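What follows is one structure encoded as structure tokens, with my remarks underneath.
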2 protein chains.
Amino acid sequence: MRVLPPSRRAIVSTTVSALDQMIHKLSGRSALTGEDKEAILSLPHTIRSYHAATYVVREGEPPPNHCSFIRSGFAVRQKITAQGARQIMSLHLVGDFIDLEHLFLNIADHNVQALTELEVVAIDRRALESLVLARPNIARALWIDALVDASIYREWVTNVGRRAAPARIAHVLCEVALRMQAAGVSTNGGFELPLTQEQLADAVGLTPVHVNRTLKALVADGILHRDKRYISFTDWNRTKEVADFNALYLHLEQAKPA
Amino acid sequence: MRVLPPSRRAIVSTTVSALDQMIHKLSGRSALTGEDKEAILSLPHTIRSYHAATYVVREGEPPPNHCSFIRSGFAVRQKITAQGARQIMSLHLVGDFIDLEHLFLNIADHNVQALTELEVVAIDRRALESLVLARPNIARALWIDALVDASIYREWVTNVGRRAAPARIAHVLCEVALRMQAAGVSTNGGFELPLTQEQLADAVGLTPVHVNRTLKALVADGILHRDKRYISFTDWNRTKEVADFNALYLHLEQAKPA
DNA sequence: CGGGCCCTTGAGGTAGCTCAATCCCAGTGG
DNA sequence: CCACTGGGATTGAGCTACCTCAAGGGCCCG
């Protein structure tokens with residue numbers, strides 16, 4: 001059973017404050033005072049669920065009156081070309097904010113789509129904005145979050161622009177592996193890739209067919225193991241080398257308070 | 001004469017406060033009070049010059065004690081792959097901050113390199129940080145700046161991942177044209193592209209040879225005119241169509257105060 | 001007038017694409 | 001319990017956009 005059935009998750013969500021998750025995430029980025037935490041806990045918010053494949057944000061739309069972060073499930077940011085090609089430009093998992101840009105930009109420039117069943121905590125935008133503008137620690141934490149997102153986009157430009165198919169695919173797998181571990185979604189034994197091969201293709205700028213063949217080649221070369229969508233690496237160093245992967249850009253160390 | 005000789009620029013820089021430029025840029029993004037402006041004007045800063053091709057920021061380095069924005073000239077962000085391929089992930093011109101990430105991240109994840117003779121205003125990092133954390137209007141303006149940068153990266157992922165060579169190249173040209181106009185660096189008649197074909201290739205994830213041939217094809221198809229590096233478009237709508245260009249992602253409208 | 005960048009161009013090669021079956025398997029209805 | 005169905009995953013065969021290598025050509029600058 002790869003994805004928890006909706007019911008298993010739904011039970012928890014209403015009792016434990018969803019905002020504790022936010023406090024946990026942010027305090028990993030900047031030390032928060034008791035007041036900061038109280039301020040966060042009193043943020044007006046609701047919990048929203050989306051089915052897999054649903055659009056959470058649509059390109060061209062004005063910002064809704066809330067900003068969301070993921071409580072459970074996976075989402076992607078993507079755009080669709082005039083010729084109908086889709087490009088995924090980032091993956092998001094538990095604890096990630098998926099539309100911080102709505103805080104200050106007045107129109108959505110890309111789509112955000114649920115990859116699996118998805119639960120988000122939707123925080124009142126005005127309230128979050130004043131928190132950010134009034135509380136330095138919270139501001140710093142959210143800045144870091146946004147800056148790390150930007151760093152990941154830069155790496156993806158490089159990945160898609162300058163790496164050959166095997167490295168390109170391996171690189172995304174490395175990133176997912178590390179981020180899932182960091183978020184506590186997987187152990188270091190391996191992880192369940194929340195993407196179909198077609199979606200993976202859209203993330204690396206290749207064709208599904210070619211992704212399939214390249215994955216097979218990576219397995220044949222002993223770079224990775226695969227059981228359906230469950231991925232594990234034989235030799236992390238070797239994989240990193242093939243992927244030309246350097247975790248620097250994820251700024252995981254930055255997760256320590258300043 | 002394509003690039004102003006260093007002397008022509010150097011004369012001005014010491015007399016007019018360099019920070020006026022910053023005020024001008026930021027007040028385009030968020031209304032600033034008199035106090036905000038005074039606070040900006042009293043920021044400790046120095047002016048630095050770099051020759052073309054010099055590295056301003058190096059991947060892996062800890063942040064310097066200042067953040068810079070461009071006073072004149074052009075710069076790029078880039079990374080170099082293990083196999084030695086370079087990918088440029090953004091272009092920067094007058095008024096752009098080139099290392100806002102140094103404000104909150106503790107290590108540089110990419111290189112910033114001067115493309116032409118470059119002058120930057122280097123602002124004391126601590127001072128800027130406290131300004132950002134203390135002054136909502138300034139914070140908002142810088143947030144918008146960072147979020148727009150991120151939006152541009154997303155578009156570039158799409159560009160490099162999903163568009164064919166002609167569209168890919170035309171797309172970057174459209175972006176440069178609009179941004180240069182918005183910054184007052186060019187009129188809408190055309191513009192001097194501050195990139196060699198090799199650098200353009202590194203920006204679009206292609207080979208210099210192929211960029212050359214594709215440019216020729218774009219000219220042959222009447223999509224653009226070219227005189228050395230001076231580019232102009234015959235029919236903006238047609239160019240936009242070929243480039244699959246939608247200016248939304250530049251958030252130029254956002255330049256109006258909230 | 002000799003380098004040293006760039007830009008151009010030719011010729012041939014290949015990584016990744018397209019089109020089109022086929023297969024696998026979980027879920028569904030009977 | 002079994003046939004049926006639909007969304008992935010795989011595989012084959014042929015094609016092309018873009019690459020590599022390599023040789024000029026133009027122009028600025030000392």
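By convention in this document, chain letters (A, B, ...) are assigned in the order of the sequence lines, proteins followed by strands, and residues within each chain are numbered from 1. Side chains are part of it too, since the values below use all heavy atoms of this structure and drop only hydrogens, waters and symmetry mates. Not measured: the values here are computed from a predicted model.
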*Just call it for T196(B): base, sugar-phosphate, or nothing, with non-hydrogen atoms closer than 4.0 Å on any strand.*
sugar-phosphate
*What nucleotide among dC17(C), dC27(D), dT10(D) has an atom nearest to a side-chain atom of K228(B)?*
dC27(D)
*In sequence, state the C-alpha distance, the side-chain angles, and the governing distance for E101(B) and S151(A), and then conclude on side-chain contact (heavy atoms from CB on, under 4.5 Å).*
CA-CA 9 Å; E101(B) 33 291 324; S151(A) 171; over 6 Å; no
*Distance in angstrom units between D202(A) CG and dC17(C) P, rounded*: 11 Å
_Length of the line joining K216(A):NZ and dT11(D):C1', which is rounded to integer Å_ = 7 Å
*asked:* The side chain of Q197(B) is closest to which nucleotide in this list: dC7(C), dC19(D), dT11(D)?
replied: dC7(C)
*Have R162(A) and T81(B) got a donor and an acceptor in their side chains that come within less than 3.5 Å?*
no
*Is there a donor and acceptor pair closer than 3.5 Å between the side chain of R213(A) and the base of dG12(D)?*
yes
*In terms of side-chain heavy atoms of V209(A), which of dA20(C), dT20(D), dC17(C) is nearest?*
dA20(C)
*Check the surroundings of atom CD in E241(A): do more than 12 heavy atoms from other residues, nucleotides or ligands lie under 6.0 Å from it?*
no
*Mind calculating the distance between CG (L218(B)) and P (dC7(C)) to the nearest angstrom?*
16 Å
*Would the number of heavy atoms belonging to other residues, nucleotides or ligands and lying under 6.0 Å from CD of Q181(B) be above 12?*
yes
*In whole angstroms, how far is the C1' atom of dC7(C) from the CD1 atom of I169(B)?*
14 Å
*Which nucleotide sits closest to the side chain of R229(A): dG16(C), dT8(C), dG8(D)?*
dG8(D)
*Roughly, in whole Å, what's the span from CG in N212(A) to P in dC23(C)?*
15 Å
*Once you round it to whole Å, what is the distance between P of dG8(D) and CG of L195(A)?*
12 Å
*Expressed in angstrom and rounded to an integer, what is the separation of H210(B) atom NE2 from dT14(C) atom C1'?*
14 Å
*Mind checking whether F97(A) and F69(A) have parallel, tilted or perpendicular rings, split at 30° and 60°?*
tilted
*asked:* Just to be sure I understand the rule, does R226(A) reach a base, reach only the sugar-phosphate, or reach nothing, if contact means heavy atoms closer than 4.0 Å?
replied: sugar-phosphate
*Whole-Å distance separating the CZ atom of R162(A) from the P atom of dC18(D)*: 13 Å
